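Just so you know, residue 1 is the first one in the sequence shown, and it goes up from there. Everything numeric here is computed off the predicted structure, so don't read it as measured data.
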Amino acid sequence: MNSASSQVAAEPAVVPAEGRALPDGLAAFLVFLASGAVLVLETVSLRLVGPYVGVTLQVTSSVIGVALAAIAYGAWTGGWLADRRDPRTLLAPALVLAGIATAVTLPVVRYAGELLRGGAASAILLLTALAVFVPAALLAAVTPLVVKLQLADLRRTGQVVGRLSGIGTLGGITATLVTGFVLVAALPSTVIVLALAVALGVTGLALGAYLRRRGRAGLPGPARTKAALAVLGLVGAGLSAVAPNPCDTETAYHCAKVEVDPNRPSGRMLLLNSAQHSYVDLADPTHLEYAYTQWFGAVTDEAAPKGRRLDALHLGGGGFTMPRYLTATRPGTDNLVFEIDGALVDLDRRELGVRTGPGLRAVVGDARVLLDGEATDSRDLIVGDAFGHLVVPWHLATREMAAEIRRVLRPGGVYTQNVIDYPPDRFIRSELATVAAEFRHVALIAPPAAIAGRQGSNFVIVASDAPLPLDALQRRVGGLREPASLLEGPALTDYVDDALVLTDDYAPVDQLLATA
């Protein structure tokens with residue numbers, strides 16, 4: 001009895017369905033592809049939804065959260081189905097359906113995005129779910145289906161699961177790096193999504209044909225079902241071609257469009273992620289259309305004697321409105337522009353008349369990193385106008401950043417920064433507190449209704465280690481066609497109150513900007 005028991009225990013534990021396993025290379029390829037495709041979708045989805053709901057921490061968190069939810073539910077469902085049906089009948093359909101769902105993502109997001117514009121949390125979650133959930137869930141089901149097929153020998157369960165899990169993770173890592181470093185920079189989102197859809201569909205069809213040839217199940221169902229799937233895929237691709245595209249140009253950072261001002265033939269508006277970002281007059285570089293640029297102009301005009309050349313540094317280029325203004329009003333001014341988006345600089349050259357040269361240099365890179373390399377006491381004026389959609393990037397809004405700006409400014413130099421905020425104005429108060437922690441003299445320019453907390457607006461901070469020309473600035477901004485107020489002294493202290501000073505360790509910019 002003991003001998004028989006020992007013999008039974010020594011026998012290999014083999015799953016009855018011998019011969020069902022896929023070749024190891026094919027199994028690895030399917031898991032690698034499916035896992036990588038999910039990460040391609042996740043990365044590109046940020047580009048798809050950005051023009052409608054912005055590119056903020058909430059949007060990024062929503063895309064990641066929805067993708068993880070899709071992976072969880074897809075893997076759970078795939079494992080459940082693998083225990084109840086032959087995985088060979090499910091693998092090819094899962095890939096084909098994932099390809100179709102990926103193709104349909106483009107028109108769904110672009111039509112729905114027009115209806116869900118804005119930064120409301122519900123709109124962000126719904127739009128990101130439409131972009132990611134269905135195709136990611138279908139793709140996440142592939143791994144448990146493949147694992148089930150490969151578990152022919154129960155003694156190798158840990159090895160099989162560990163190997164395929166590792167391959168899936170490598171697929172995700174590879175896709176993330178290739179998409180972020182190569183695909184997004186080289187191809188429009190439409191091309192990336194449709195190419196991914198085609199790759200998944202073709203892989204599913206090829207896998208179905210392979211399984212059929214080996215006498216196993218391929219794509220199940222009658223010819224009508226297969227034809228319907230093919231038609232659905234073609235319809236998805238067709239809708240993608242005619243769906244409204246908010247971009248003229250897709251850069252690595254922005255969905256960019258240049259529009260002609262119908263009321264001013266030489267006027268051009270630069271839209272980034274569907275938000276008005278810059279305005280330039282091709283015939284008159286001294287024309288400042290937007291109120292905040294007029295405030296910038298007032299600051300620069302009052303900061304130094306009229307016509308005197310300046311050494312100016314611009315953190316963020318946009319449409320190069322202020323560098324052009326300074327060149328026109330102060331001949332000989334040295335304008336150095338830090339712009340993270342090189343493709344945007346190229347667009348400015350093509351369509352907005354930007355001419356770089358000795359007096360206007362554009363350096364592509366992150367402003368915080370590039371500022372590190374600037375000499376101490378080397379600039380008379382620094383203009384902060386860098387945004388990720390409507391949000392100042394958090395690392396450009398901290399006390400450490402303000403300290404670097406103060407280091408680069410000459411004694412008596414002026415820093416002026418554009419900020420957008422909405423009631424209850426928590427971010428602008430914190431940014432004022434942050435700048436005031438480094439500069440002795442600080443003032444705020446904004447519409448009276450914005451200062452009173454009745455409307456959202458641009459706010460312009462003015463800071464220096466030397467006294468500011470407050471009376472002259474007040475007269476200038478109060479006499480504009482859209483009059484603004486200048487807040488300083490005790491009134492500014494009362495406005496800032498006990499607002500948080502932002503630091504590299506703690507700068508919850510997106511949360512401060514949240515209106516609800």
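At least one donor-acceptor pair under 3.5 Å links the side chain of Thr105 to the backbone N or O of Ala101. Using a distance-only test at 3.5 Å, with no hydrogens or angles considered, a donor-acceptor pair links the side chain of Thr128 to the main chain of Leu125. When atom types are taken as modelled, the side chain of Ser278 and the backbone of Gly319 share a donor-acceptor pair closer than 3.5 angstrom. Of the possible donor and acceptor atoms, none in the side chain of Ser35 sits under 3.5 Å from a partner among the backbone N and O of Thr169. Between the side chain of Thr321 and the main chain of Tyr279, a donor-acceptor pair closer than 3.5 Å is present. Side-chain N or O atoms of Gln58 include none that pairs as donor or acceptor with a backbone N or O of Ala121 at under 3.5 Å. A donor-acceptor contact shorter than 3.5 Å links the side chain of Arg84 to the backbone of Trp80.
More than 12 heavy atoms of other residues, nucleotides or ligands shown are found within 6.0 angstrom of CG on Asp497. Tyr495 OH: more than 12 foreign heavy atoms inside a 6.0 Å radius. The number of heavy-atom neighbours closer than 6.0 Å to OH of Tyr290, taken from other residues, nucleotides and ligands shown, is above 12.
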Evaluation steps, side-chain contact (heavy atoms from CB on, under 4.5 Å), between Val96 and Leu200: CA-CA 6 Å; Val96 171; Leu200 293 171; over 6 Å; no

Kindly determine whether Leu127 and Tyr52 satisfy side-chain contact (heavy atoms from CB on, under 4.5 Å), including the steps that lead there. CA-CA 9 Å; Leu127 196 59; Tyr52 309 106; 3.9 Å; yes

query: After noting the C-alpha distance and the side-chain angles of Thr434 and Arg429, does the key distance pass the side-chain hydrogen bond (donor to acceptor under 3.5 Å, both in side chains) rule?
result: CA-CA 9 Å; Thr434 302; Arg429 295 172 196 264; over 6 Å; no

Set out, in order, the CA-CA distance, both residues' side-chain angles and the distance that settles side-chain contact (heavy atoms from CB on, under 4.5 Å) for Asp366 and Phe338, then state yes or no.
CA-CA 7 Å; Asp366 185 278; Phe338 293 161; over 6 Å; no

Check step by step if side-chain contact (heavy atoms from CB on, under 4.5 Å) holds for Leu22 and Leu30.
CA-CA 10 Å; Leu22 298 173; Leu30 293 175; 3.9 Å; yes

| Steps toward side-chain hydrogen bond (donor to acceptor under 3.5 Å, both in side chains) verdict (Asp385, His314) | CA-CA 7 Å; Asp385 194 17; His314 304 262; over 6 Å; no

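Across all non-hydrogen atoms, the minimal contact from Leu139 to Ala37 is CD1-CB, 3.6 Å. Closest of all the heavy-atom pairs between Ala450 and Asp425 is O-OD2, 3.0 Å. In terms of heavy-atom proximity, Ala98 sits nearest to Pro135 at O-CB, 4.1 Å. Taking every heavy atom of both residues into account, Pro393 and Ala386 meet most closely at CD-O, 3.4 Å. Of all the heavy atoms in Phe32 and Ile167, the pair that sits closest is CD1-O, 3.7 Å. Contact record, Leu130 with Ala112: CD1-CB, 3.7 Å, taken as the closest heavy-atom pair.
Ring pair Tyr73/Phe133 is tilted by interplanar angle, where 30° to 60° counts as tilted.
Under the 4.5 Å side-chain criterion, counting only non-hydrogen atoms from C-beta, Asp24 is in contact with Arg163. Counting only heavy atoms from C-beta outward, the side chains of Ile428 and Ile461 approach each other to under 4.5 Å. Looking at Glu259 and Arg268, their side chains never come closer than 4.5 Å, going by heavy atoms from C-beta outward. The shortest side-chain heavy-atom distance between Val354 and Val345 does not fall under the 4.5 Å cut-off. In this structure the side chain of Pro423 never reaches within 4.5 angstrom of the side chain of Gln455, judged on heavy atoms. Looking only at side-chain heavy atoms (C-beta outward), Leu502 and Pro508 come within less than 4.5 Å of each other. With a 4.5 Å cut-off on side-chain heavy atoms, Lys257 and Thr249 do not count as touching. Counting only heavy atoms from C-beta outward, the side chains of Leu194 and Leu106 approach each other to under 4.5 Å.
Put simply, CE on Met269 and NE2 on His277 are 14.5 Å apart, with the number rounded to the nearest 0.5 Å. In this structure, the separation between OG1 on Thr102 and CG on Leu41 is 4.5 Å, given to the nearest 0.5 Å. Rounding to the nearest 0.5 Å gives a distance of 6.0 Å between CG of Leu500 and OH of Tyr506. From Met401, atom CE reaches atom OG1 of Thr503 across 15.0 Å, with rounding to the nearest 0.5 Å. Taking CG from Leu352 and CG from Leu344, the interatomic distance works out to 8.5 Å, rounded to the nearest 0.5 Å. Between the CG atom of Leu513 and the CZ atom of Arg426 there is a distance of 8.5 Å, given to the nearest 0.5 Å.
Salt bridge Glu250/Arg47: present, at least one basic N to carboxylate O contact under 4.0 Å. Using a cutoff of 4.0 Å between basic side-chain nitrogens and carboxylate oxygens, Arg88 and Asp86 are scored as salt-bridged. Note on Asp504 versus Arg399: no salt bridge recorded, every NZ/NE/NH1/NH2 to OD/OE distance being 4.0 Å or above.
Screening Val161, Leu145, Thr157, Leu164 against Gln150 for a side chain to side chain contact (heavy atoms under 4.5 Å, CB included) leaves a single residue, Leu164.
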